Engineer: 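To start, I am sharing the structure in question, which I have written as structure tokens.
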There are 2 protein chains.
Amino acid sequence: MRLLVLGAVRQHGRAHGYQVRNDLEFWGAHEWSTAKPGSIYHALKQLAKEGLLLAHEVAPSTAGGPPRVEYELTEAGEESFFALLRTALRAHDERIDVLTSAVGFIVDLPRAEAISLLKERVAALESWAEEVRTHWTPDSPPAEWGHIGEIMRLWTHQAESDAGWTRGLIERLENGAYVMAGEGEREVTVLPEGTGNPFS
Amino acid sequence: MRLLVLGAVRQHGRAHGYQVRNDLEFWGAHEWSTAKPGSIYHALKQLAKEGLLLAHEVAPSTAGGPPRVEYELTEAGEESFFALLRTALRAHDERIDVLTSAVGFIVDLPRAEAISLLKERVAALESWAEEVRTHWTPDSPPAEWGHIGEIMRLWTHQAESDAGWTRGLIERLENGAYVMAGEGEREVTVLPEGTGNPFS
DNA sequence: TCGGGATTAGTCAAGCTTGACTAATAGCCC
DNA sequence: GGGCTATTAGTCAAGCTTGACTAATCCCGA
């Protein structure tokens, strides 16, 4: 949530709640994350309270509706955004929605850093899978464990699959895919006009 | 949470909060789900309020500590447990912790039903992956989409991996693995004595 | 011109999660 | 036998999420 909201405000430079809300809806975020109006407005207020966002008092609406509050990232907000982004890409135990958000903002990092974070991710996933495997399969025959071993299988399977995807992304980045931070022309971050939203 | 708490109470027939809490801790649930004391006690109260659990008033503690409340599943609680369990196994979009809990309770279902639910799961995963793939890759060359396509890749990758794990489990169940509901002798549902908890 | 629907913008209560705290008794050590 | 700690059992405030609701203005058709 914080990552999403900070990222959305950041792309606009200055944004009010409804703008953020629309961006996130456009990204399909209400489908794969907890980005619903209540959460968004709550996050904005909370982030402002914590000094990560600066709230510019109620500007009169330019196009109907009640007055609105505009927000802008502070220095601390900028730092927090990148800290969240880095953690989300590096850690193996973040929720899938957090990872998804992070991938959405990955082009805000320099290429070398993104690659290095993703390599940390692969390492973390592998060592975690290995840890689960050794802890859950001691000397005893797995049969004794009963169906609980299936949970172990599920997790290691997931971790390996995730590592596979990550390796693929690393390779594409190493081959120069996408325009990353500091590489000139910024690409559009929204979908082309007229394209349907598949998450509905 | 509801699934976990109902399942834990159900295994004891009648249990108080601390027992549930200890079971879940033993299963490592505090690591892979939101099963922390606050949530557990909250869930117990909420479930009791909704008539899924019956609260037997404060019995004096047998071994130190404040008095405690004992809970027992009602008819509705029993139904709700199985409804949650079936949904968790069948649906492709449940969180990983919910799926994990469901796998932990899968032996409470008859073998044939479990297999059939898991087959529904595979079908749901495949059709969802296909949907994402077709919606996100129209005629236009993928390059135009920029890095957002990576999110699509992440999801389809995950769905395929999940389907793979599910197919494996189906196969093991079809080959007679584990003791399911209505198959005589119930196996132990907890870890053997002295085995360390790997989630720490 | 006026009334009703769409759009814009946000609030609110109820439920859930988190992490830190409280409280009661039992057992042990000196 | 008095105090210290471990265990047992649970509470609480603050934050987060959900789904339904409110409120102001614009626009279009009769």
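Just so it is clear: chains get the letters A, B, ... in the order the sequence lines come, proteins before strands, and each one is counted from 1. These numbers were taken from a predicted model, which means no experiment stands behind them.
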Engineer: Once you apply a heavy-atom cut-off of 4.0 Å, does B:T34 come out as touching a base, just sugar-phosphate, or nothing?
Structural biologist: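 If one applies the 4.0 Å heavy-atom cut-off, B:T34 turns out to touch the sugar-phosphate alone, with no base involved.
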Engineer: Distance check needed: D:dT18 C1' versus A:H30 NE2, whole Å only.
Structural biologist: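 To the nearest whole Å, that distance equals 14 Å.
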Engineer: Parallel, tilted or perpendicular, judged at 30° and 60°: which one describes the rings of A:W128 and A:W155?
Structural biologist: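 Ring orientation, 0 to 90° scale: tilted.
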Engineer: Quickly work out the A:H16 NE2 to C:dT8 P distance and round it to whole Å.
Structural biologist: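 Rounded to whole Å, this separation is 10 Å.
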Engineer: Taking CD1 from B:I40 and P from D:dT11, how many angstroms apart are they, rounded to a whole number?
Structural biologist: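 Computing the B:I40:CD1 to D:dT11:P distance gives 13 Å.
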Engineer: Can you identify which nucleotide, out of C:dC16, D:dG15, D:dT11, has its nearest atom closest to the B:P37 side chain?
Structural biologist: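 When the side chain of B:P37 is considered, D:dT11 is the closest of C:dC16, D:dG15, D:dT11.
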Engineer: Check every atom of D:dG10, C:dG15, D:dG19 against the side chain of B:H42 and return the nucleotide holding the closest atom.
Structural biologist: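 Nearest to the side-chain atoms of B:H42, counting from C-beta on, is C:dG15.
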Engineer: Hey, which sits more toward the 5' end of DNA chain D by its nearest nucleotide, A:E50 or B:G17?
Structural biologist: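 Final value for this comparison: B:G17.
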Engineer: Please give, in whole Å, the distance from C:dT7 C1' to A:Q19 CD?
Structural biologist: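 Roughly 15 Å, once rounded to whole Å.
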Engineer: Tell me yes or no: between the side chains of A:H92 and A:R121, is some donor less than 3.5 Å from an acceptor?
Structural biologist: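 No.
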Engineer: Nearest to the side chain of A:K49, which nucleotide is it out of D:dG15, C:dG15, D:dG10?
Structural biologist: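 Comparing D:dG15, C:dG15, D:dG10 against the side chain of A:K49, the answer is D:dG15.
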Engineer: Can you measure A:M1 atom CE to D:dG15 atom P for me and round it to whole angstrom units?
Structural biologist: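 So the two atoms are 17 Å apart, to the nearest Å.
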Engineer: Would you call the rings of B:Y178 and A:H147 parallel, tilted or perpendicular, where under 30° means parallel and over 60° means perpendicular?
Structural biologist: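 Perpendicular: the ring planes of B:Y178 and A:H147 meet at over 60°.
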Engineer: Salt bridge or not for A:E120 and A:R86, using N-O below 4.0 Å?
Structural biologist: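 The answer is no: the pair does not qualify as a salt bridge.
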Engineer: Using a cut-off of strictly less than 4.0 Å, decide whether A:R2 has a side-chain nitrogen or oxygen near OP1 or OP2 of D:dC16.
Structural biologist: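 Answer is yes, contact under 4.0 Å.
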Engineer: In whole angstroms, how far is the P atom of D:dA9 from the CG atom of B:D23?
Structural biologist: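 Distance, rounded to whole Å: 13 Å.
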Engineer: Taking all atoms of both residues into account, what is the closest heavy-atom pair of B:R133 and B:T156, and its distance?
Structural biologist: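 Of all heavy-atom pairs spanning B:R133 and B:T156, the closest is NH2-CB, 4.2 Å.
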Engineer: Using only side-chain N and O atoms of B:K45, determine if any of them is under 4.0 Å from OP1 or OP2 of C:dG15.
Structural biologist: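 Checking C:dG15 against B:K45, no side-chain N or O comes under 4.0 Å of OP1 or OP2.
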Engineer: Rounding to an integer number of Å, can you tell me how far A:Y41 OH sits from D:dG19 C1'?
Structural biologist: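 After rounding, the gap between these two atoms is 15 Å.
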Engineer: Counting only side-chain heavy atoms from C-beta out, which of C:dG10, C:dG15, D:dT18 sits nearest to B:Q46?
Structural biologist: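 Taking heavy atoms from C-beta onward, the closest nucleotide is C:dG15.
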Engineer: Go through the N and O atoms of the side chain of B:R21 and the base of D:dG10, and report whether any donor-acceptor pair is under 3.5 Å.
Structural biologist: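 Yes, a donor-acceptor pair under 3.5 Å.
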Engineer: How would you label the contact of B:G38 with the nucleic acid (heavy atoms, under 4.0 Å): base, sugar-phosphate, or nothing?
Structural biologist: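 Base contact.
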Engineer: Does B:S39 or A:Y18 map to a spot on DNA chain C nearer the 5' end, using the closest nucleotide for each?
Structural biologist: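 Its nucleotide being nearer the 5' end, the pick is A:Y18.
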Engineer: To the nearest angstrom, how far is A:K36 atom NZ from C:dC12 atom C1'?
Structural biologist: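 The answer, rounded to whole Å, is 17 Å.
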